[in-house]
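Worksheet for the structure shown next.
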Amino acid sequence: MITSVVPADPPRPAEGLPASAVLTVDAPLPEERPAPAAPDVPWWRDAVIYQVYVRSFQDSDGDGIGDLPGVRARLPYLKRLGVDGVWLNPFYPSPQHDHGYDVADYKGVDPMFGTLEDFDLLVEDCRKLGLRLVLDTVPNHCSAEHPWFLEALAAAPGSTSRARFHFADGRGADGELPPNNWRAMFGGPAWSRITEPDGTPGQWYLHMFTPEQPDLNWRNPEVPVEFEKVLRFWLDRGVDGFRIDVAAGLFKHPELPDSPDPEADERTRDSVNPLAWNQPEVHEVWRSWRAICEEYTALDGRQRLLVGEASVPTPAEQAKYVRGDELHQAFFFHLLHAPWDAEHFHQVIDAAVRDITATGSTVTWVLNNHDQVRTTTRFGSPERARAAALLMLSLPGAAYLYQGEELGLPEVDDLPDEVITDPIFHRTGNRKGIRDGCRVPLPWAGTEAPYGFGPEGSAPTWLPQPASFARHTAERALADHTSPYHLYREALHLRRLLPQLGEGTLRWIETPPNVLAFARGDGLLVATNFGTVPAPAPVTGQPLLSSGPCPAGVLPPATTAWWIQPRL
Ligand code: GLC
């Protein structure tokens, strides 16, 4: 059982590496780095937050599933990496049909992940280490096992219990057809029919994801009141903010009419049904949540953060979510969806900086998360993934990292069908868009599964780790100064030391095709070569930091470099 942030294990050298090179994953923390930004600048504006997918981060009790004491035990690793805070994926009581995004109790901890006491200890440790703690909140839908939904099933059509959800009579002679043609994001119709308490086929309810995730009706005043209580429950326990799941959801067109293009609804995880997403009323909710955050800040001076998962078609549309009195930030997914292509990166960076900064917010960059194919695989090589990361960490604004990207983990794309847990696979019958491959438990140390994920003699990890993970353990990464871990660490520490890397300005510099280059503030130059042949470096001299070997005067393919150049 891991119970303390101070490790018990003595340092062990990674296989094949000299003991002198070894800095263990669990070594005590070095001295504090200088504090970031000026005290009056809200911390979140240029923060780098590390996403912890709790069930795959660190298992403390040997059941093969990560948990909160496991997260606690690894906080020193995250502190040493140099991130500003941690976002935890949902750990609330849940039947786990969508790994916690089906919440049965918004104010508890699932026993699988620990207890509320473990959570409180985690808050305390984060505070001691100066790490911000951001929780996931899931307001669009709850679990079909949430007491409200169970009550609604037992109640009559038209009851106040059903009014908290979207229940409707079916179409057709006997109500045998769904109330409209909407498709669910994870395959199949967005409606399921219930059996009424008297045993007769009954009404239908709306679920934009799986049938186990009924959508809440945000036009019912009880819903916002309940969520306000949920926010306060966690704010009172000391959290620094919330990541908001499906932040462009919540409200649906009041009449629930047919979608003009139902087929489109299933083609992408982005929110294409104009009637089910991005309704104007949602902005009122974000204004009220922002007011709650401000209220807490007024009490103790600590800034709280709301960061939304707002999948909307354009950066301009996204900008509406981060207006001054709404969310502080919204993930900028257009970079995450960009192919490895200089022109494409140029366009999305340009649009983000223009549209988002015009709101007074900062862009929230992201290249990896628990829903996407990891960059090492998506961009086609570890070198490109590293170059993209170093490019992202030089952009103005905040950034989110997903656990394991600092270890260069690839997508595990050969998991056998029998172990796949993603509801997308089970609802569509195919592997397109499935997410298990980026959720495989992290390799920490050693040469065999579970690679330090759990204590000695643990149950098998909930998803099997491939043999290739032996090359990607944190232990090896720390010992190898050319590993992605050290690249991320250097970049994160430079972000604290160089004022140019804060919010600041971005000025494009003319380059040959396939190369992007820009100046940040006064004197920092960044360039990425997206091509397959070396390009001339935009400046002379050795780079300050580069994502791979980078001799003076040359920018090798699939490489990003940072240079300090006075008087640019
Ligand atoms: C968000 C989450 C995803 C989840 C879905 C439904 O997109 O990131 O993991 O499956 O919402 O809650």
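Since the structure is predicted, the reported quantities are computational estimates derived from the model, not experimental observations. In each ligand, atom 1 is the first atom listed, and ligand 1 is the first ligand listed.
The side-chain hydrogen bond (donor to acceptor under 3.5 Å, both in side chains) search around Asp102 returns Ser94, not counting sequence neighbours.
Under 4.0 Å is where a charged nitrogen must lie from a carboxylate oxygen, and between Arg431 and Asp417 at least one such pair does. Here Asp325 pairs with Arg287 in a salt bridge; the nearest charged N to carboxylate O distance falls below 4.0 Å. Salt bridge absent: Glu326 and Lys320 never bring a charged side-chain N and a carboxylate O closer than 4.0 Å.
Of the residues Phe233, Phe227, Phe242, Trp234, the one that meets the ring pair (Phe, Tyr, Trp, His ring centres under 6.0 Å) test with Tyr106 is Phe227.
The closest approach between a heavy atom of Met185 and any atom of ligand 1 is not below 4.0 Å. Residue Arg243 places a heavy atom under 4.0 Å from ligand 1. Under a 4.0 Å heavy-atom criterion, Arg439 is in contact with ligand 1. Not a single heavy atom of His99 sits closer than 4.0 Å to an atom of ligand 1.
Annotation for ligand 1: atoms under 4.0 Å from non-hydrogen atoms of Asp371 are 2 (C), 3 (C), 7 (O), 8 (O), 9 (O). The ligand atoms of ligand 1 that sit less than 4.0 angstrom from a heavy atom of Arg435 are 3 (C), 4 (C), 9 (O), 10 (O). Below 4.0 Å from some heavy atom of His370 lie the following atoms of ligand 1, by number and element: 2 (C), 3 (C), 8 (O), 9 (O). Listed by number with element, the atoms of ligand 1 under 4.0 Å from a non-hydrogen atom of His141 are 6 (C), 12 (O). The ligand atoms of ligand 1 that sit less than 4.0 angstrom from a heavy atom of Asp98 are 4 (C), 5 (C), 6 (C), 10 (O), 12 (O). The Phe186 neighbourhood of ligand 1 comprises atoms 10 (O), with distances under 4.0 Å to a heavy atom of that residue. Of all atoms in ligand 1, listed by their number and element, those nearer than 4.0 Å to a heavy atom of Asp245 are 1 (C), 2 (C), 6 (C), 7 (O), 8 (O), 11 (O), 12 (O). For ligand 1, the atoms closer than 4.0 angstrom to any heavy atom of Val246 are 11 (O).
Between the CG atom of Leu463 and the CD1 atom of Ile420 there is a distance of 7.0 Å, given to the nearest 0.5 Å.
Using the six-membered ring where Trp is involved, Tyr205 and Phe149 have ring planes that are perpendicular, over 60° apart on the 30 and 60° scheme. Note: His370 and Tyr53 have parallel aromatic rings, judged against thresholds of 30 and 60 degrees for the angle between ring planes.
Counting heavy atoms closer than 4.0 Å to ligand 1, residue Asn140 contributes nothing at all.
Residues Glu406 and Tyr50 bring a donor and an acceptor atom of their side chains to less than 3.5 Å of each other.
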